Amino acid sequence: MDNNFFKNIEKKTGVNMKDVFELANSLQHANFKDEKTVRSVVKRVAQIANRKVPKELEDKIVQTIVKDGKSLDFSTIANMINKK
């Protein structure tokens, strides 16, 4: 894709696309049954999205993901964080 496309997204969202791509790469082989891994991913998504996630919400997200054990993407986790 065109580099200007990503620069426009960065400008509109304030989210660094390099961070998004690094996160996406790390999610490809992540073990979503491992609580420590999932908690780390949730914290990273919150950081990238510039959102504070209360401990209670983080725990709920982590337990939901670990319980289901499904592969998730940035968008899914961001939506969970934004539903608070």
Side-chain angles (χ1 to χ4, degrees):
M1 288 206 165
D2 184 7
N3 196 27
N4 286 331
F5 174 76
F6 293 117
K7 292 216 180 283
N8 285 335
I9 291 174
E10 287 179 352
K11 190 183 284 186
K12 288 181 181 180
T13 64
V15 175
N16 184 319
M17 293 309 294
K18 180 180 177 235
D19 292 340
V20 173
F21 289 127
E22 287 174 359
L23 176 65
N25 285 334
S26 74
L27 295 178
Q28 288 181 354
H29 302 290
N31 177 4
F32 290 101
K33 291 273 188 192
D34 177 53
E35 182 176 335
K36 184 177 178 183
T37 299
V38 174
R39 195 167 296 279
S40 174
V41 169
V42 170
K43 287 179 181 180
R44 183 70 180 129
V45 171
Q47 180 184 29
I48 290 171
N50 199 24
R51 293 280 192 168
K52 292 186 185 222
V53 179
K55 178 76 169 130
E56 182 180 293
L57 178 59
E58 179 184 315
D59 290 342
K60 185 176 178 181
I61 292 169
V62 168
Q63 290 307 313
T64 299
I65 294 170
V66 169
K67 179 181 156 194
D68 291 343
K70 295 179 182 172
S71 176
L72 296 174
D73 57 28
F74 176 85
S75 177
T76 303
I77 298 171
N79 285 337
M80 292 174 88
I81 290 170
N82 286 327
K83 284 184 180 177
K84 65 179 181 169

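As the structure is a prediction and not an experimental result, all values here were calculated from the model. Atoms considered below: every heavy atom in the structure, side chains included; atoms not considered: hydrogens, waters and symmetry mates.
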Check: If you draw a 6.0 Å radius around CG in Asn50, do more than 12 non-hydrogen atoms from other residues or ligands fall strictly inside?
Finding: no

Notebook entry, point to check: Mind checking what makes side chain to side chain contact (heavy atoms under 4.5 Å, CB included) contact with Gln63, not counting sequence neighbours?
Noted result: Glu35

Item checked: Interatomic distance, Arg51 atom CZ to Leu57 atom CG [nearest 0.5 angstrom] -> 11.0 Å

Next item on the list: Please identify each residue that fulfils side chain to side chain contact (heavy atoms under 4.5 Å, CB included) with Ala30, with sequence neighbours left out.
Entry: Phe32, Thr37

Next item on the list: Quick one: closest heavy-atom pair of Ile65 and Val42, and the distance?
Entry: CD1-CG2, 4.3 Å

Notebook entry, point to check: Can you name the side chain to side chain contact (heavy atoms under 4.5 Å, CB included) partners of Asp19, sequence neighbours left out?
Noted result: Asn16, Glu22, Arg44, Ile48

Next item on the list: Indicate yes or no for a side-chain donor-acceptor contact from Thr64 to the backbone of Lys60 under 3.5 Å, with no hydrogens or angles considered.
Entry: yes

Checklist line | Identified side-chain contact (heavy atoms from CB on, under 4.5 Å) partner of Val45 from the options Ile61, Leu23, Val20 | finding: Leu23

Note to self: Going by the rule side chain to side chain contact (heavy atoms under 4.5 Å, CB included), which residues pair with Lys55 if we only count those two or more places apart in sequence or in a different chain?
What the structure shows: Arg39, Glu58, Asp59

Note to self: Just verifying a value: how many Å separate Lys36 NZ and Asn31 CG, rounded to the nearest 0.5 Å?
What the structure shows: 12.5 Å

Next item on the list: For the pair Met17 and Ile9, evaluate side-chain contact (heavy atoms from CB on, under 4.5 Å) and give the outcome as yes or no after the intermediate values.
Entry: CA-CA 8 Å; Met17 293 309 294; Ile9 291 174; 3.5 Å; yes

